[in-house]
Structure formats: structure tokens, C-alpha cells
Amino acid sequence: MANSNTVLRVDVTEDLLPLSAVLHQRAVIHRIYEEAGYQVLTVENRSQVDEVLALYRAWRAGDLIIESVPKPTTGPTSRPVMAWRSAPVTLLLIVLSFGGFSLIYFNAPMAWVSMLTFSAFEVIGGQIRFFASDGEYWRLITPAFIHFGWIHIAFNSMWLWDLGGRVESVMGRVNMLLLFLTIALVSNVSQFVFGGPSLFGGMSGVVYGLLGFSWVGPLLQPHWAIQPARPIMLFMIGWLVVCMLGVVDLLGFGAIANAAHLGGLICGAVLGAAFGLLSVSTQDKG
């Protein structure tokens with residue numbers, strides 16, 4: 001649309017398809033697109049801005065009844081393709097996680113692995129020695145990409161795609177990237193402060209952060225249809241408690257980065273509250 005005039009800017013989860021159908025019936029040339037986690041409706045003719053806005057308000061107030069129009073289906077393969085395209089940042093994080101896992105799985109030189117860990121290390125005489133690495137700020141984030149086994153990478157990738165895909169569809173790519181960087185930073189620093197220099201890694205701190213975000217955010221912004229089902233929430237929190245009690249360690253599954261999990265969860269919940277309040281405030285002003 002060469003000349004566009006903005007009419008609406010609403011949450012991405014709001015279904016504007018019925019309104020669009022009515023506008024088509026009235027020969028109103030318009031466009032609806034996503035921008036930074038919001039849907040934007042524009043019209044070509046400036047004189048129709050007030051008319052369309054009044055139509056939208058009447059529809060939302062219940063004064064105008066518009067029957068929902070079912071979305072067309074284009075075949076069994078169209079939905080998964082669109083799902084992958086709708087969450088490119090989440091997909092990139094999974095790919096990078098498999099990249100970090102491949103260093104461990106294919107026995108890459110320890111110097112390569114050391115470039116990703118929170119604390120730089122070297123192996124001397126079969127012993128790991130950690131040393132300072134001033135100025136290498138990427139280490140605050142990169143431990144999230146290190147995974148130590150197939151179960152580790154599969155579990156984290158599954159939950160990252162489920163939770164991250166939902167969050168990214170609502171928040172947009174830029175905000176999803178900022179969420180990842182913030183949660184990864186907080187979870188990694190939390191683990192370092194709690195456990196000191198050690199080999200830890202994995203995306204689970206970020207997963208718990210997304211869990212906290214997707215639970216708290218919709219409590220403040222109900223338009224975000226990303227809240228996990230209660231059984232999933234209970235399972236994830238229950239697993240966190242079991243790990244913190246040391247049960248997993250006793251069963252011989254290895255040490256768990258509990259501080260990273262808890263730090264990520266709290267960070268995500270705080271971010272969910274902040275973004276939820278900001279979204280509601282912006283929506284009210286609009």
C-alpha cells in the first residue's frame with residue numbers, strides 16, 4: 001500500500017479477521033500486518049480512518065456483531081512451515097545449542113569448549129584449572145549453548161521451542177532476543193555466584209525464565225495466550241524442587257545447575273510482569 005494511514009495498533013493475539021472481512025465488504029482498501037509484537041491496521045484513504053476506528057470500537061463494545069470467519073487451510077504441511085517461520089530467534093537458539101553440544105559429543109579440543117564456558121579453563125595432568133579471562137564478556141551468555149548429553153539437549157530444545165515459540169509469537173523477534181540475553185545473563189551469573197568457577201551449561205535456565213515469563217505475563221496482559229497449562233507448570237516447578245533437594249544427584253544423573261534454574265525463573269517472572277504492565281499501559285493509551 002503506497003500511502004497508508006494507521007488506524008489501529010493492537011495486541012498480536014487479537015483476531016482482526018472478522019473486522020477485515022467487513023472492511024472488504026465495504027470496499028475499504030486496508031492492510032493488517034505485525035510489527036514489534038503488535039498488529040497494525042492501516043487504510044489507504046485517510047478520510048476512512050475515523051470510520052474504520054468507529055467500526056472497530058462499536059464491534060468491541062458489542063454494538064456491532066460480526067461473525068467470525070474461519071481461516072482457510074492450505075494443506076497439512078502449511079501450518080508447521082508457518083510455525084517455524086514465526087519463531088526464527090527461538091529456532092536459532094536451538095541450532096546454536098546443538099552447535100555447542102557437538103563440541104562435547106565429537107570431542108572437540110578443550111580450548112574450543114573453554115571459549116564458551118563462564119570461566120576459562122585448561123586441563124593439565126588430567127586436572128581442570130580455571131583462570132581469569134578479563135574482557136571476554138560473551139562468557140556471560142555462551143554457557144547456555146553448552147550441553148553435555150542427548151537427554152540434556154533434547155529436553156532443553158523441546159521446552160525451548162514450546163515456550164520460546166509462544167513467547168516470540170507474541171513479543172516479536174527483537175524482544176525475544178532481548179529476553180534471551182537478559183535471562184541467560186541472570187541465570188549464568190546466578191550459577192557462578194552460587195557455585196563458583198565450574199563447568200556448567202545448558203539452556204534450562206532460559207527455559208525456566210521463559211516459563212516464568214509466560215506464566216506471569218498473561219496474568220497482567222490477558223490478551224497474551226501463552227500461559228502454560230497448569231499440569232505443565234506443576235511438572236516444571238516440581239522438577240525444580242526435586243533437583244534442588246538433591247534427589248537427581250543421588251540417583252547418579254550428575255550435578256544440576258539449580259541456581260541457574262531458580263535465577264532464570266525469577267528473572268523471567270519479573271520480565272513478564274514488566275512487559276505485561278507495559279503492554280497494558282500502551283494499549284490503554286492507544
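The chain is numbered in sequence order, starting from 1. This one's a predicted model, so the numbers in the text were calculated from it and none came from an experiment.
- Put simply, the side chain of L23 reaches to within 4.5 Å of the side chain of V52, judged on heavy atoms.
- For the pair R139 and F118, the cation-pi test (distance below 6.0 Å, angle within 45°) is failed.
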TODO: Start with the C-alpha gap between E14 and R60, add the side-chain angles, then the distance that decides, and say whether side-chain contact (heavy atoms from CB on, under 4.5 Å) holds.
DONE: CA-CA 11 Å; E14 187 170 348; R60 284 311 183 199; 2.7 Å; yes
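- Residues L262 and N258 fail the side-chain proximity criterion, which asks for heavy atoms closer than 4.5 Å.
- Q221 approaches S279 most closely through the heavy-atom pair NE2-OG, 2.9 Å.
- Using bins of under 30°, 30° to 60° and over 60° for the plane-to-plane angle, the ring pair F101/F98 lands in the perpendicular bin.
- Residue Y137 places its OH atom among 12 or fewer non-hydrogen atoms of other residues, nucleotides or ligands, all under 6.0 Å distant.
- Counting only residues at least two apart or in different chains, salt bridge (charged side-chain N to carboxylate O under 4.0 Å, His left out) contacts with residues 163-192 comprise D162-R166.
- Judged purely by atom type and a 3.5 angstrom limit, N156 has no side-chain atom pairing as donor or acceptor with the backbone of G202.
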List the atom pairs, donor and acceptor, that lie under 3.5 Å between side-chain atoms in residues 174-181 and the rest of the protein, sequence neighbours left out.
unit_1: N175; atom_1: ND2; unit_2: M171; atom_2: O; d: 3.0

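- No more than 12 heavy-atom neighbours from other residues, nucleotides or ligands sit within 6.0 angstrom of CZ on F194.
- Taking the salt bridge (charged side-chain N to carboxylate O under 4.0 Å, His left out) definition, one finds that E34 meets it with nothing, sequence neighbours left out.
- Atom CG of L140 is separated from atom CZ of F192 by 10.0 Å, given to the nearest 0.5 angstrom.
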TODO: Show the numbers, then the answer: is there a side-chain contact (heavy atoms from CB on, under 4.5 Å) between W159 and I232?
DONE: CA-CA 11 Å; W159 287 112; I232 292 178; 3.6 Å; yes
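- The 12-atom threshold is not exceeded at CH2 of W112, counting heavy atoms of other residues, nucleotides or ligands nearer than 6.0 Å.
- Residues passing the side-chain hydrogen bond (donor to acceptor under 3.5 Å, both in side chains) test with S204, sequence neighbours excluded: H261.
- Between W59 and Y56, the ring planes are perpendicular. Angles over 60° get that label, and only those under 30° would be called parallel.
- Under a hydrophobic-cluster definition in which Ile, Leu, Val, Met, Phe, Trp and Tyr are linked whenever side-chain heavy atoms come within less than 4.5 Å, directly or via other members, L199 and I104 are assigned to the same cluster.
- Residues passing the salt bridge (charged side-chain N to carboxylate O under 4.0 Å, His left out) test with E122 are R129, sequence neighbours excluded.
- Summarising the geometry, atom CG belonging to L103 is positioned 8.0 Å from atom CD1 belonging to I146; distances are rounded to the nearest 0.5 Å.
- The shortest heavy-atom contact between V206 and I183 is CA-CG2, 3.6 Å.
- Nearest heavy atoms, Y208 versus L240: OH-N, 3.5 Å.
- For the atom pair I32 CD1 and L41 CG, the distance stands at 4.5 Å (nearest 0.5 Å).
- Ring pair W150/Y105 is perpendicular by interplanar angle, where above 60° counts as perpendicular and below 30° as parallel.
- Here the shortest heavy-atom pairing between A144 and S97 reads O-OG, 4.3 Å.
- Cation-pi contact between R31 and Y33: present, with separation from the ring centre below 6.0 Å and deviation from the ring axis of at most 45°.
- Taken from CG in N5 to CG in N45, the straight-line distance is 7.5 Å, to the nearest 0.5 Å.
- The ring-ring contact (aromatic ring centres under 6.0 Å, His included) search around F121 returns none, not counting sequence neighbours.
- Of the possible polar contacts, one joining the H147 side chain to the M203 backbone as a donor-acceptor pair under 3.5 Å is found.
- Side-chain N or O atoms of S198 include none that pairs as donor or acceptor with a backbone N or O of F200 at under 3.5 Å.
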